[in-house]
**Q** 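Below are the structure tokens for one structure; questions will follow.
Lettering follows sequence order; numbering is per chain, from 1.
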2 protein chains.
Amino acid sequence: MANALADMGDEELLALDNQLCFLLYSSSRMMTALYRPLLDQLGLTYPQYLVLLVMWEYQGREGDRDKEVTIKMLGERLLLDTGTLTPLLKRMEQQGLLVRQRAVNDERKVLVSLTPRAQELKAGAAEIPRALLCHSSLGDEELIGIRDGLRLLLNELVSK
Amino acid sequence: MANALADMGDEELLALDNQLCFLLYSSSRMMTALYRPLLDQLGLTYPQYLVLLVMWEYQGREGDRDKEVTIKMLGERLLLDTGTLTPLLKRMEQQGLLVRQRAVNDERKVLVSLTPRAQELKAGAAEIPRALLCHSSLGDEELIGIRDGLRLLLNELVSK
DNA sequence: CGCAATTATATTGTGCACAATATTTTAAAC
DNA sequence: GTTTAAAATATTGTGCACAATATAATTGCG
């Protein structure tokens, strides 16, 4: 009865722990906090780490023509707009992690490419999820269940 | 095999969609985006809405002596520190949603109390989760499964 | 061709998050 | 009863998020 989401009273509907939204919000921040000390060692913030993940993903695909990555592509993958990405990428450029340059064939586009310095971070970056998975008291099945549930939810949320 | 989290290769470990962290981060932001137009009507941001939820929760408990709510209590419940809460609560005070005053018996504490104006928002606030639950294509069981999984995960994350 | 609409990015301004530090008040230890 | 430590909040500074707007390049249409 406490779980029939449809017909709850106001009190129950507004209970913090019943709000999927709050659970997502808190879990996300706590998870990022867990990453922080490890990312600090690499000199990265969490969103910067995400940008690298996307860049590595695109580079891995042999099929893509030219492997060019635009700001727009990053934004679509990370669900972020240029108001967030432009200053973030500028900071990463100043740290020598990437280069931004206008595309010659279409000067509206900005092509992002990683420097060797950023390439070298890849091995260290892979140690982060490995380290975090290790000292988790939740079992693999639990984690996979949560992951799959979140994939469904995110799909649902994006399509609105 | 793609799900044996322990022994993945670098590529697979770093894949964006395999990162619980990214799923949480994106889902949280997309969920907040869904709340935004509804909260706009109430003149609230999402963190401000959370503060109201906690205040309403404490007020509902007849047992609590004096029903006094300090900034520390809000921070513990929302997992936020004073660097976030102090300016946030000041903004809410300026909007006439709450009052902040030092406790007489312990002048380190700041007591937060809602104004009638904030009380009146409660009914409208309850309509928000109701409205969002309605047009979800995910079933109740799915949502409850995700919620329970996130409760487990958040518990795990907080205890570190 | 000329021009309106679209596309890609940049800019501005507000509000979080959070680390680091400071301030004030209370409690504890001697 | 001072001194010291601890507790509660405030302040400062950086980096996101995101709405709103602006700018420049390209496309499409009559």
Side-chain angles (χ1 to χ4, degrees), chain A residues 21-22 24-37 39-41 43-51 68-95 97 100-112, chain B residues 21-22 24-37 39-41 43-51 68-95 97 100-112:
Chain A
C21 193
F22 176 66
L24 288 169
Y25 165 79
S26 311
S27 300
S28 175
R29 286 192 302 112
M30 293 303 102
M31 183 68 93
T32 304
L34 220 56
Y35 273 71
R36 194 166 296 118
L39 289 173
D40 279 349
Q41 292 181 257
L44 296 172
T45 65
Y46 182 68
Q48 290 171 4
Y49 171 71
L50 292 181
V51 167
E68 291 187 341
V69 182
T70 64
I71 293 182
K72 180 177 172 53
M73 290 163 72
L74 288 172
E76 284 173 346
R77 192 78 180 86
L78 297 175
L79 305 175
L80 291 171
D81 66 7
T82 67
T84 300
L85 283 175
T86 295
L88 189 154
L89 294 173
K90 280 184 179 175
R91 281 187 290 269
M92 291 182 78
E93 187 172 37
Q94 286 184 343
Q95 293 179 243
L97 291 171
R100 302 176 319 129
Q101 52 188 344
R102 291 279 168 179
V104 286
N105 59 329
D106 185 345
E107 295 220 341
R108 290 172 304 181
K109 299 181 182 175
V110 170
L111 301 182
V112 178
Chain B
C21 193
F22 176 65
L24 288 169
Y25 166 80
S26 311
S27 301
S28 176
R29 287 191 303 113
M30 294 303 103
M31 183 68 94
T32 304
L34 218 56
Y35 272 71
R36 194 165 296 117
L39 289 173
D40 279 348
Q41 292 181 255
L44 296 172
T45 65
Y46 182 66
Q48 290 171 4
Y49 171 70
L50 291 181
V51 167
E68 291 186 341
V69 182
T70 64
I71 293 182
K72 180 178 172 53
M73 289 163 72
L74 288 172
E76 285 174 344
R77 192 76 181 87
L78 299 175
L79 305 174
L80 292 170
D81 66 5
T82 66
T84 300
L85 284 175
T86 296
L88 190 154
L89 293 173
K90 280 185 179 175
R91 281 187 289 270
M92 292 181 78
E93 187 171 36
Q94 285 184 344
Q95 292 180 245
L97 291 171
R100 303 177 317 131
Q101 52 187 343
R102 292 279 167 178
V104 286
N105 59 329
D106 184 345
E107 294 221 341
R108 289 173 304 181
K109 299 181 182 175
V110 170
L111 302 181
V112 178

**Q** For DNA chain D, whose closest nucleotide is more 5', that of A:D106 or that of A:L88?
**A** A:L88
**Q** Check whether any side-chain nitrogen or oxygen of A:Y25 sits under 4.0 Å from OP1 or OP2 of C:dA17, and answer yes or no.
**A** yes
**Q** Tell me: CZ of A:R29 to C1' of D:dG15, nearest whole Å?
**A** 16 Å
**Q** Does any non-hydrogen side-chain atom of A:R100 lie less than 4.5 Å from one of A:K90?
**A** yes
**Q** Taking the side chain as every heavy atom from C-beta outward, state whether A:L89 and A:L74 have any pair of such atoms under 4.5 Å apart.
**A** yes
**Q** Can you find a donor-acceptor pair, distance only, under 3.5 Å between A:R108 side chain and C:dT7 base?
**A** yes
**Q** Anything under 30° is parallel, anything over 60° is perpendicular, the rest tilted; go ahead and classify A:Y35 against A:Y46.
**A** perpendicular
**Q** How many whole angstroms separate atom OH of B:Y46 from atom P of D:dA19?
**A** 16 Å
**Q** Please report the distance, rounded to the nearest Å, between CG in A:D81 and P in C:dT11.
**A** 14 Å
**Q** Just to confirm, is there a sub-4.0 Å distance from OP1 or OP2 of D:dT11 to any side-chain nitrogen or oxygen of B:T86?
**A** no
**Q** Just N and O in the side chain of A:R102: are any of them under 4.0 Å from OP1 or OP2 of C:dT9?
**A** no
**Q** Can you tell me if the side-chain N/O atoms of B:R36 get under 4.0 Å from OP1 or OP2 in D:dA19?
**A** yes
**Q** Using whole Å, report how far CD1 of B:I71 lies from P of D:dT11.
**A** 11 Å
**Q** Examine D:dA8: is either OP1 or OP2 under 4.0 Å from a nitrogen or oxygen in the side chain of B:K72? Give yes or no.
**A** yes
**Q** Take the protein atom CD of A:E107 and the nucleotide atom P of C:dA10, then report the distance between them rounded to whole Å.
**A** 13 Å
**Q** Considering every strand and a 4.0 Å limit on heavy-atom distances, what is the contact class for A:T82: base, sugar-phosphate, or nothing?
**A** base
**Q** Just N and O in the side chain of A:R100: are any of them under 4.0 Å from OP1 or OP2 of C:dA8?
**A** no
**Q** Can you measure B:L80 atom CG to D:dT9 atom P for me and round it to whole angstrom units?
**A** 14 Å
**Q** Less than 4.5 Å apart, any side-chain heavy atom of B:T84 and any of B:L78?
**A** no
**Q** What's the CG-C1' distance between A:L85 and C:dA8, to the nearest Å?
**A** 12 Å
**Q** I'd like to check B:D40 versus B:R36 (side-chain heavy atoms, cut-off strictly below 4.5 Å). Are they in contact?
**A** yes
**Q** Compare side-chain N and O positions of A:K90 against OP1 and OP2 of C:dT11 and report whether any pair is under 4.0 Å apart.
**A** yes
**Q** Between atom CG in B:N105 and atom P in D:dA8, what is the gap in whole Å?
**A** 12 Å
**Q** Across the strands shown, which category fits B:T32 at heavy-atom distances under 4.0 angstrom: base, sugar-phosphate, nothing?
**A** nothing
